[in-house]
Amino acid sequence: MAERIQITLPDGKQVLHPFGAVVGKIVADTDDTAKFRSTVAAKVNGVPVDLSYRLTADAVVGPIDVATPEGLSILRHSMSHVMAQAVQDCFPGVQVSIGPSIEDGFYYDFDYAETFTPQDLEKIEERMRQIAAADIPFERREVSRAEALALFQEKGETYKVELINDLPSDVQTVSLYTEDGYVDLCRGPHIPSTGMIRAFKLLSVAGAYWRGDERNKMLQRIYGTGFATQEALDDHLRILEEARKRDHRRLGRELDLFQINEEAGAGLVIWHPKGALLRTIIEDWERKEHLKRGYDIVIGPQILKAELWKRSGHFDHYRDHMYFTEVDEQSYGIKPMNCLAHMLIYKSKIRSYRDLPLRYFELGTVHRHEKAGVLHGLPRVRQFTQDDAHILCTPGQLNGEIRAIADFVGYAMGIFGFEYEVELSTRPEHSIGSDEDWELATRALEGALKDNGMAYEVNEGDGAFYGPKIDFKLKDALKRKWQCATIQCDFTLPERFELSYIGEDGEKHRPVMLHRVILGSIERFIGVLIEQHTGAFPLWLSPVQAVLVTVTEKHIPWGEEVRKRLLDADIRVEGDFRNEKLGYKIREAQMQKTPYMLVIGDREVTSGQVSPRQRDGKNLGSIDVEAFIALVRERCAQYR
RNA sequence: GCCCACGUAGCUCAGUCGGUAGAGCACAUCCUUGGUAAGGAUGAGGUCACCAGUUCGAUCCUGGUCGUGGGCUCCA
């Protein structure tokens, strides 16, 4: 065995160290002390290890700093361990299960007869602070599988026992981490000692199924967040507060856009005048853009005979999400999707290859029986309207159609100001159709993405029951992802409904069907849009584009005249001619996030002009009414 | 559907250790005619989510229902 080993440092420098040298010491030697204090772990040949790791061979070695995403994740993981220790200290008899770091912090799932209260969280936090102050080292130990099993069996930790038993059979040893007598099964690495834990906060307690399976027992999950510094933690908590302020449910009420009423029913949106107007503006935009791209606008019925849903496969695969009703002793299904009527339109006459592709677009209102617990504001409701289309084409046209849809999505996201990510979802467990068709459909989607040069990730088993799909997840201002657009490739429904076209060869052929939405659910999209803009919609989308504010009642006649001229120019304007002070009216318009407030007083009446004030506080001075109309038109034409 | 918490005026929230409730904003009326984020006075508003039970008496305690919030599972 070699006496000395050769270590390659991040800067490429090579140094010799004794066999068994501690990696933390090597990293510390190469760095200045101040920087080393923020080193949470090290990398050896690219693999993260504890700073206490001993090197037994030549290796490339570098530090992992807490300022990196990887380092922060290690710190948070260690925080979750300390939380588990604190919980067991405070509540004897608690069983631990798993506790990883997540995007914004960490959690740990516990099994305990009592339920944790917010007061308990404070108690646990306090104990965590004590553990952190004691600066207890995290000690790693590798033991045999049998030894670990015995240890956790003795401790009564049945979840850990299950985890060890479920390890692949070729795993012979497992690693344990001990801090101050608390032992946890963990792959690691961890921070060197609890003293590095300075800034954290426990946020909430929630239920979570063991191993994420709803057939399993529900555990209690405690969520926390943590950062390297108090400043970073404070920043994060501020962002959470910001998110609450721009919550679309709050803004929806404040801006008088919509309500979801208990008496009417859960998950059912009631659009108020301003919300309905916003929605109408979006829908008008949709119709225009679809007609431009060769789509036909169609409209199907809300209910269709149950027999038809049986034929399509919805009855077998989607029944739990459907509502049914009876008419003249005949069972009808309320549509959860729009495709059936579109197929009937296709089938209404004999189609030639010359007719294809046919693109049927419908702002289709659908009903889905979502479980009570999943409903959430506008994004998750029971009745919603999709900007839905079904494209029937030849297999040869598939690629071009998919690429055109992907371009459409990109255009739309640009107009509305969103970034997005692309995912390809493949065949799920419960599905219909042949293997060959699934293969063909998946390849068609993937090929189009590649031809468009779009980056995407693959989501195995996440497709619809009738076909694979491309999902576009848009990212809002708070970096949260929402599924909106989707393209689904379907060979099965055309088969089940015996759709056909006459080809060049005079023979019958089967068309392919694409299901696709651009914004997805209009309800969800508006919810995300509200939060994206904090309710301050771009001018072209604002339900009220301008408010006329008169200084005194003697200015009302000119106000009425201006209102008439703006309405004639298709500008959405309201007159605030109330007997209130100007400042008061400005404030109200400001809180309603109205893009323009047009002040009308003696000066404007005399000059026959208006004085626009933008919602950012800027005054544009006195300008002619025609000049204001031109300004609004120009901005709207640019979707600003 | 599951776990936990919550449900008081249009909104944000107090409050009642069980004796049917209050503030601010909003709303109405009056005064004020005021130039870019709140002028003043007065007033009206609540079966304390709903249904049972316990109690002399329930908004408060217990149970159920509905709904909301945070999660899990699911999903446009």
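Per chain, numbering begins at 1; letters A, B, ... match sequence-line order.
- Listed nucleotides: C72(B), U68(B), C74(B). Nearest to the side chain of I260(A): U68(B).
- No engagement by E254(A) is indicated, since no non-hydrogen atom pair under 4.0 Å with the nucleic acid exists.
- Side-chain nitrogen and oxygen atoms of Y223(A) include none within less than 4.0 Å of the OP1 or OP2 phosphate oxygen of C4(B).
- Distance check on atom P: C48(B) versus G10(B) gives 12 Å, rounded to whole Å.
- Between the side chain of Y209(A) and the base of G1(B), at least one donor-acceptor pair of N or O atoms lies under 3.5 Å.
- Comparing atom distances between the A266(A) side chain and each of A37(B), U68(B), G1(B) picks out U68(B) as nearest.
- The aromatic ring of Y584(A) does not sit over the base of A37(B); the criterion of centres under 5.5 Å apart with planes under 30° is not met.
- For G463(A) against P428(A), the heavy-atom pair with the smallest separation is O-CG, 3.3 Å.
- Between K469(A) and the phosphate of A76(B), there is a side-chain N or O to OP1/OP2 separation shorter than 4.0 Å.
- Inspection of the S80(A) and H77(A) side chains reveals no N or O donor paired with an N or O acceptor under 3.5 Å.
- For the C1' atoms, the distance from C31(B) to G69(B) is 45 Å, rounded to whole Å.
- The base of A26(B) lies outside donor-acceptor range of the side chain of E588(A), with no N or O pair under 3.5 Å.
- Among the atoms of the strands shown, base atoms are found under 4.0 Å from some heavy atom of G601(A).
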(message) For S542(A) and R615(A): C-alpha separation, side-chain torsions, deciding distance, then whether side chain to side chain contact (heavy atoms under 4.5 Å, CB included) applies.
(response) CA-CA 12 Å; S542(A) 292; R615(A) 69 182 156 204; 4.1 Å; yes
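- If you take CD of E604(A) and P of G35(B), they are 12 Å apart, rounded to a whole angstrom.
- The side chain of M218(A) lies closest to C2(B), out of C2(B), A76(B), G39(B).
- Taking atom C1' in both G18(B) and U55(B), the straight-line distance is 9 Å, to the nearest Å.
- Evaluation of atom-type donor-acceptor distances gives no pair under 3.5 Å for the side chain of R250(A) against the base of C11(B).
- Remark on RNA chain B: of its neighbouring residues A206(A) and Q386(A), the 5'-side contact belongs to A206(A), judged by nearest-heavy-atom nucleotide.
- The side chain of D462(A) sits closest to C75(B) out of G67(B), A37(B), C75(B).
- For L582(A), the listed nucleotide lying nearest its side chain is U36(B); candidates were U36(B), G34(B), C72(B).
- Look at the P atom in both C50(B) and G46(B): the space between them is 14 Å, to the nearest Å.
- Under the Watson-Crick or G-U wobble criterion, with both distances below 3.5 Å, C72(B) is paired with G1(B).
- When heavy atoms are screened at a 4.0 angstrom cut-off, E553(A) is found touching base atoms of the nucleic acid.
- Within 6.0 Å of CD on E561(A) lie more than 12 heavy atoms contributed by other residues, nucleotides or ligands.
- Using a 4.0 Å heavy-atom distance criterion, R221(A) is classed as a sugar-phosphate-only contact.
- Using the Watson-Crick or G-U wobble rule with both distances under 3.5 Å, G7(B) pairs with C66(B).
- For the residue pair R524(A)/Q483(A), the side-chain donor-acceptor check at 3.5 Å is not satisfied.
- Note on R253(A): a side-chain N or O is less than 4.0 Å away from OP1 or OP2 of U12(B).
- Minimum atom distance to the side chain of R380(A) is reached by C75(B), of the listed G35(B), G67(B), C75(B).
- For an aromatic pair to be called close, the ring centres must be under 6.0 Å apart, and H369(A) with Y323(A) satisfies this.
- Contact annotation: R613(A) side-chain N/O to A37(B) OP1/OP2 distance is under 4.0 Å.
- Counting to the nearest Å, the P atom of G39(B) and the CZ atom of R578(A) are 11 Å from each other.
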(message) As a quick check of understanding, evaluate ring pair (Phe, Tyr, Trp, His ring centres under 6.0 Å) for F525(A) and F418(A), giving each step before the final call.
(response) CA-CA 11 Å; F525(A) 188 76; F418(A) 289 107; 5.7 Å; yes
(request) Just do the salt bridge (charged side-chain N to carboxylate O under 4.0 Å, His left out) check on D120(A) and K123(A) with the steps written out, would you? (result) CA-CA 5 Å; D120(A) 291 339; K123(A) 198 168 147 192; 5.3 Å; no
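- An OP1 or OP2 oxygen of G35(B) is reached within less than 4.0 angstrom by no side-chain nitrogen or oxygen of H555(A).
- Pair assignment for C27(B) gives G43(B), based on Watson-Crick or G-U wobble hydrogen-bonding distances that are each under 3.5 Å.
- Following rounding to the nearest Å, Y596(A) (OH) and A37(B) (P) show an atom-to-atom distance of 18 Å.
- Using atom P as the reference point in both C27(B) and G67(B), the two lie 32 Å apart (nearest Å).
- At a threshold of 4.0 angstrom between heavy atoms, the contacts of V381(A) include nucleobase atoms, whether or not backbone atoms are also involved.
- Closest contact between the side chain of A208(A) and the listed nucleotides A37(B), C72(B), U33(B) involves C72(B).
- As judged by a 4.0 angstrom heavy-atom cut-off over every strand, V599(A) is placed among the base-contacting residues.
- Counting any heavy atom pair closer than 4.0 Å across all strands shown, G212(A) reaches sugar-phosphate atoms only and no base atom.
- Counting atom types as modelled, N579(A) pairs a side-chain N or O with a base atom of G34(B) as donor and acceptor under 3.5 Å.
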(request) Given salt bridge (charged side-chain N to carboxylate O under 4.0 Å, His left out), test D471(A) with K473(A) step by step and report yes or no. (result) CA-CA 6 Å; D471(A) 288 328; K473(A) 305 221 160 151; 5.1 Å; no
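- Applying the Watson-Crick and G-U wobble criteria (two distances, each under 3.5 Å), C56(B) pairs with G19(B).
- Across G39(B) and C25(B), the matching P atoms stand 11 Å from one another, rounded to whole Å.
- Contact annotation for R249(A): backbone-only contact, meaning every heavy-atom pair under 4.0 Å involves sugar-phosphate atoms and none involves a base.
- Q259(A) comes within 4.0 angstrom of no nucleic acid atom, judged by non-hydrogen atoms across all strands.
- We find that CG of L203(A) is positioned 19 Å from P of G69(B), with the value rounded to whole Å.
- The residue D602(A) sits close to a base: some heavy atom pair falls under 4.0 Å.
- Taking the O4'-C1'-N9-C4 or O4'-C1'-N1-C2 dihedral as appropriate, G35(B) has a value more than 90° from 0 and is therefore anti.
- A23(B) and G64(B): their C1' atoms are spaced 34 Å apart (whole Å).
- Comparing C74(B), G39(B), G35(B) by their nearest atom to the side chain of E580(A) picks out G39(B).
- In this structure U36(B) sits in no base pair that meets the Watson-Crick or G-U test at under 3.5 Å.
- Proximity note for K581(A) (side chain, C-beta onward) versus G35(B), C66(B), G34(B): the nearest is G34(B).
- For the P atoms, the distance from C4(B) to G63(B) is 12 Å, rounded to whole Å.
- Nearer the 5' end of RNA chain B, as judged by each residue's closest nucleotide, is the contact made by G377(A), out of G377(A) and E370(A).
- Each of V298(A), I391(A), I297(A), I299(A) was scored for a side chain to side chain contact (heavy atoms under 4.5 Å, CB included) with F361(A), with one residue passing: I297(A).
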